Amino acid sequence: MAMRIIILGFCVFLTTVAVDRNNFKTCEQSSFCRRLRNPKQDGSPYELDLSALQIFDNYVETKLINVQANIDLKFTLTALVGNIFRVTVDESKGVHVRYKPQFALNGEPQVTKLEVLERNQNILSVKSGDNKVILTAKPFKVEFYKNNVLTSIANGKGLFEFEHYRKKKEGENDVDTKEDPGAWEENFKSHHDSKPKGPSAIGLDFTFPGAKRVYGLPEHGDKMALRTTGPGGSDPYRLYNLDVFEYELDSTMAIYGAVPLIHAHGPLNTVGIFWHNAAETWVDITNSKDSNVMSSLVNLVSGSKSESSVDVHFMSESGLMDFFVLMGPKPKDTVKQYSSLTGVSPLPQYFTLAYHQSRWNYNDQDDVTTVNSNFDIHNLPLDVMWLDIEYTDGKKYFTWDPIKFSSPENMINNLTLTGRKLVVIIDPHIKREGGYFLHEDALANDFYVKNKDGTVYEGWCWPGSSSYLDFYDPRTADYYQSLYGVDKFKGTTHDVFIWNDMNEPSVFNGPEITMPKDCIHYGGWEHRDVHNEYALSQTFSTFQGLLNRSPNLRPFILTRGHFAGSQRYSAMWTGDNMALWTHLAASFPMCLSEALGGISFCGADVGGFFNNPDEELLQRWYQAAIWLPFFRAHAHIDTRRREPYLFSETVIDRIRTALRVRYAHLPLWYTLFWEHESTGEPVIRPLFYHYPEDEEVFETDNELLVGDSVLVGLVADAGLTTVQVYLPGGDSARWYDLQDFKLYRGGTHKISVDMDKYLAFYRGGSVIPRKDRPRRSSAVMHHDPFTLYVALDEKKTASGTLYVDDYHSFEYRNAKKYLYVNFSFVGNKLTSSFIDKTDYPTEEWIERVVVLGPPAGIKGAKLNSKSLGIVALEVSYDSELTSLTVRKPGVSIREPFTIELV
Ligand SMILES: *[C@@H]1O[C@H](CO)[C@@H](O)[C@H](O)[C@H]1NC(C)=O
Ligand SMILES: *[C@@H]1O[C@H](CO)[C@@H](O)[C@H](O)[C@H]1NC(C)=O
């Protein structure tokens, strides 16, 4: 959580007003953004020197020369497996070494063969598979072709900039020809940035001929399709992890997370750029559709086949220039290419996909026990209780308040008796208090981030005066990991999981509420270089800590700060949102952008963190949030209690219904997370992901797809009685409303939405596995039987998958103990078969099959399996003939079977 805090001596005042923009820089207030945003008057001084070209099996290397400053840079282009190119630009003889992120990549990417096609003084043309790259020396640019179609151009607009490190000359305060008073030191409000290494920014523009929209760059409180920024318009999208109190929507301001990745998409091609840099970054976007004049460049180079283009300009304050071009050609491909670089979310434990109840704060252990039992009393399913900072002894992490939480083990056992878990918060700031073991250990072993003069950095956060662990130091990381052991973190058990908050890092009295950029990390790196990776460095250590603690249990961590690669260790949520309809609406585009940025495990605080939702908003929020991967209610300490059982019976009933819909679909969520781990496909997907040629959906972010089988719409305003829903796929598509199985074709539909109505549709052609028996927690559903919903398409066929294992351990990886089942319905026959040759001794079985859009005249069904032989089953149509139920097949999912409708 974040609070507006004004520190006067030892008094802390809390106020509740909206975001204070003055706390955060605009591009104009950021020296490097100011310098790089506007092109140089006298043209770009950079040229490739192809006479210095060296050609290797997988890459080429040559000189990129700043002819004005007479500085040589080293340029490389590498071909990577999976239709990816990597480009780096570094200094050859730099005064300082440039930083390369340490945590984002999931190992070194695999290289592949690069062939030279053509070479002369001004041109080098190379290919890898059906991808081609043409380098032009002067003017310097790099063109990328897929199947001989030009899909992206780097430096087409000549905005390449590389501020090489230099020694400051006497009285010097300018960069090249550009005078900027902030180049060598910079002030913001009362904060001074000493910039000991001087200016070091890098920038590059990309043009995407044929692209209609560009997506990505989470995290912003904005729409999914990125807006045109630019002089006179909005600021560039800013990527700089910040704790923004009451963040704004429809804004390009930076908030908690930063994933420097874009997907440029048009009906014919999708291309991605992953800008591998952890420093503060600004990104300008120009959509040609927003300006009447089409980029003249595109006309020039593309033979003018494309009617549109998008320009994107990345600007980073420091670090190596290192970017990956994801060659597509479809959204599925760029997403997979990105996940091949930065990894996937590992399959989480089943309970993590169920309902989480949080609040700042559950006051004491009796409160936790009472809330827990109230969920049971009201038959509301629940899996996880959460504790915010007040459980600690005076904000000292890894301790318990000795009075309010005097017997945590007992409290946790009360939870786990009903199959539930506990999550507690652990932030990276450490209270500077004599006698606090963690502070003493950190001082004694030099584990803290330093000031520029080498002393330990101190800032203000929840505990008051705090210092910040430097997880970049492997010794700190090792030590920190050990703290999570149940022997070290007394009172915890293997059923306790972790929430890493405030890890941007949040520093209440720091510049822009974070750490000064001239602070020093392990290895001598400035905070400036590593800032956006800090949260990831913490969750990396936490993840290892939980693995060491419980080697055969999949860790669960929630983080607020995040970067490219954070998905490998943690789920994230959209931070401190508000109890407003607009924030409910923003939860879909924000999580869709994260999913496109590789981070599928995303959710938003149900009900809104700040302020009190009215009953209508709260109910709508539950009805929508059951369709986001991470599903947690959370609230600020100043809000009224809003556990669902506190409302009228009608409201409780509706929330219970929503929770049960979530629980019924846990097998689907779990299967999708498994498929995410094995293929990199996102768990939730924007419509354009599956309908990349349908321009109707290029900006659609008030609807989303869960996998490829469920389409969900938002009801995100007060008093709505109808909502328009667009169902893709055209006239031949079939969609079934999952509340009444009403059949819709593709197109726009106006749907009545009384308070019991939520918008969710099964795609005709899919099989959705569910567990429909209502229970108090997911743990007690593990052995429950499945109901298969077979939603038929216009050819009366359907298929879908189901993944099953022990729901918590690593046996699925270590011993292949899992089942991955394919259900396929063709010619009135449902066939179950195994996709992988594995086994798991599950007790789960099929209790029902519900066919949506069923054939007419079916009288019965015939089950055929090895252990049961041929068994006649009863069937019944519902009164409207929209569904047909096959009763009690009773067959284990551990064996293949067929069920034929006769
Ligand atoms: C655990 O539950 C028991 C029985 O309901 C109760 O008496 C006890 O106070 C609970 N313990 C804690 C720490 O809440
Ligand atoms: C499932 O089986 C059907 C029919 O054999 C097949 O067309 C489909 O590709 C299979 N799906 C998967 C995910 O293996």
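Predicted model only: the values in this text are computed from it and were never measured. In what follows, every heavy atom counts, from backbone to side chain, and hydrogens, waters and symmetry copies are set aside. Residue numbers run from 1 in the order of the sequence given. Atoms within each ligand, like the ligands themselves, are counted from 1 in listed order.
With ring centers used as reference points, H634 lies under 6.0 Å from W499.
Ligand 1 places these atoms under 4.0 Å from at least one heavy atom of T369: 12 (C), 14 (O). Every atom of ligand 1 with a heavy atom of M411 under 4.0 Å away is listed here by number and element: 13 (C).
Within a 4.0 Å radius of atom 2 (O) of ligand 1, the protein has at least one heavy atom. Protein heavy atoms all stay at least 4.0 Å away from atom 7 (O) of ligand 1.
Both tests do not hold together for K431 against Y436: distance to the six-membered ring centre under 6.0 Å, angle to the ring axis within 45°.
Taking the side chain as every heavy atom from C-beta outward, Y691 and L705 approach each other to under 4.5 Å.
For the pair E677 (side chain) and L347 (backbone), a donor-acceptor distance under 3.5 Å is present.
For atom 13 (C) of ligand 1, the nearest non-hydrogen atom of the protein is N410 OD1, 3.1 Å. For atom 10 (C) of ligand 1, the nearest non-hydrogen atom of the protein is N414 ND2, 2.4 Å.
Some N or O of N822 is nearer than 3.5 Å to an N or O of ligand 2, by distance alone.
The neighbour count for K796 NZ, taken as heavy atoms of other residues, nucleotides or ligands under 6.0 Å away, is above 12.
By the criterion of a heavy-atom distance under 4.0 Å, neither the backbone nor the side chain of S799 is placed next to ligand 2.
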